[in-house]
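Throughout, protein chains are lettered first and strands after them, A, B, ... in sequence-line order, and every chain is numbered starting at 1.
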2 protein chains.
Amino acid sequence: MPTPRVPLNRSRVLADAVALADGEGADAVSMRRLADRLGVVPMALYKHVGGKDDLVDGMVDAVLGEVVAARPADGDWRAAVRATLLSARAAVQRHPWARRAIETRTVRTPAVLGHMEAVTRLLLDAGFTPDLAHHAMHALGNRIWGFSPELFDEDARGAPRARTTPQPNPADYPSIIAVSVEARRRRPDATGCDEDFEFTFALDLLLDALDRLRSDGWESPVSG
Amino acid sequence: MPTPRVPLNRSRVLADAVALADGEGADAVSMRRLADRLGVVPMALYKHVGGKDDLVDGMVDAVLGEVVAARPADGDWRAAVRATLLSARAAVQRHPWARRAIETRTVRTPAVLGHMEAVTRLLLDAGFTPDLAHHAMHALGNRIWGFSPELFDEDARGAPRARTTPQPNPADYPSIIAVSVEARRRRPDATGCDEDFEFTFALDLLLDALDRLRSDGWESPVSG
DNA sequence: CGATGGGGTGTACAGCGTATTCGCCGACGC
DNA sequence: GCGTCGGCGAATACGCTGTACACCCCATCG
């Protein structure tokens, strides 16, 4: 008697997809390769996920499911939001493909909504009006998901790309050069920006500014 | 004598690709369909662009090339930065596919660098240290490119998607509900968030906070 | 005149997501 | 015990993608 036929299920498919992406990158996650990994024919996956998009939705859901929402202590809402977003950041950093995957998603799955709910709740409990809480969520932007956009490509990662675009001439960008010279002076050994610092820098800047609005009783201008 | 053979060139290819994306969406831009549009065989394009990635790089470059950088007036750096980023926003809004395209790019082409240079320059000229200017660029995040992430999908646009993910239960998200109820009360006719308002709200929040750091002579903590 | 080389052509390949059809097999009712 | 039903996996096939490779035409130039 060979293997006694353990049937597939949605969570095994998702777990393997996450493992595959973790190990070989997002591009490696194709229905065919994932099916191979599971010892199954590609079409079998469609009994458990709705399709490629639904699969990626599920993968993102799994990653965001790792986030632990902090509970506010001592009424310090900033610390709680900060800890929650840093937890999201940690989750996304454990799965490097997740950043790009999150950006491409349009539907909101339970874990994603759960995370947004947790952050919103912290704001409301801290005395934010629903109005200000709403704008605060938007202002935090991608930091809600634990990352900020890559402004300068750390090092041209990935295969070198054929280019016909004219190569930029550094002399045309004196201000960028000035900034990067200073950055290198401060961190001579670094290969790129200090993403952790940039993340918390912008986060704290926003949290402070939002706290000021909150305590001032800010509200939206009435339109029209 | 039929058409006297006007040869293709890179800018014609890029212009047609942009027009195709504008008219039929990013998914319509395939090498084959673009070649059809140009009355040419697919492989002919490879004499003018390095490949699909290089093509999209060029398309993004074209969009960001539409941005006009403001010159500071009356020493009001905030107004200048604001106007420049709103110009980027206008360009991206003219080409709805550009938002997603920008997020996927990893290389920095001349127009992209030119835009970053312009913003950086405004900061340096306003008295930002290179250090603070650097962090400011990161803090502004995607707003540099004229957009902020879509937090709530306005309306499930696009074809309905097969889903196996369990449907979320609204009762599990009371804080999100509270926020959206208030948002609807304020703008009863709206179908989604007021992205323009959210953009400028976060932008002004950041510009104000950054100005405070600037005039306080802020600098990075020394690490280690 | 012949050589050169850039630009367009034709063919081909490997990979993708997925619609459709079929067959196995275990569970259940009679 | 036996028929049937339903869920899960297997096979096959379609249309699409990006692009490597070889070829050929034709304008240009020495």
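- Atoms CE (A/Met31) and C1' (C/dG17) sit 8 Å apart, rounded to a whole Å.
- Comparing atom distances between the B/Arg33 side chain and each of D/dT17, D/dA20, D/dA11 picks out D/dT17 as nearest.
- Electrostatic pairing of A/Glu103 and A/Arg99 does not count as a salt bridge here, judged by no charged N lying under 4.0 Å from a carboxylate O.
- The distance between atom CG of B/Leu55 and atom P of D/dT19, rounded to the nearest whole Å, is 10 Å.
- To the nearest angstrom, P of C/dC16 lies 18 Å from CG of B/Asp27.
- Proximity of B/Lys47 to the phosphate of C/dG6: no side-chain N or O atom is located under 4.0 Å from OP1 or OP2.
- Ring-plane geometry between B/Trp77 and B/Phe128 is classed as perpendicular, the angle between the planes exceeding 60 degrees on a 0 to 90 degree scale with a lower cut at 30.
- Here the nucleotide nearest the side chain of B/Tyr46, chosen from C/dT18, C/dG7, D/dG18, is D/dG18.
- Of the side-chain N and O atoms in B/His48, one or more sit less than 4.0 angstrom from OP1 or OP2 of C/dG8.
- Residue B/Arg32 places at least one side-chain N or O closer than 4.0 Å to OP1 or OP2 of D/dT17.
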Query raised in the report: Taking it one step at a time, do B/Phe201 and A/His138 satisfy side chain to side chain contact (heavy atoms under 4.5 Å, CB included)?
Result: CA-CA 9 Å; B/Phe201 172 81; A/His138 276 282; over 6 Å; no

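- Of the candidates C/dG8, C/dC16, D/dG9, the closest approach to any side-chain atom of B/Ala44 belongs to C/dG8.
- Note: CG (B/Leu34) to P (D/dT19) measures 13 Å, nearest angstrom.
- At the heavy-atom level, B/Val40 lies under 4.0 Å from the strands shown only through sugar-phosphate atoms.
- In this structure, the CE atom of A/Met43 is 16 Å from the C1' atom of C/dG23, given to the nearest Å.
- In this structure, the side chains of A/Val107 and A/Val112 stay at 4.5 Å or more apart for every pair of heavy atoms.
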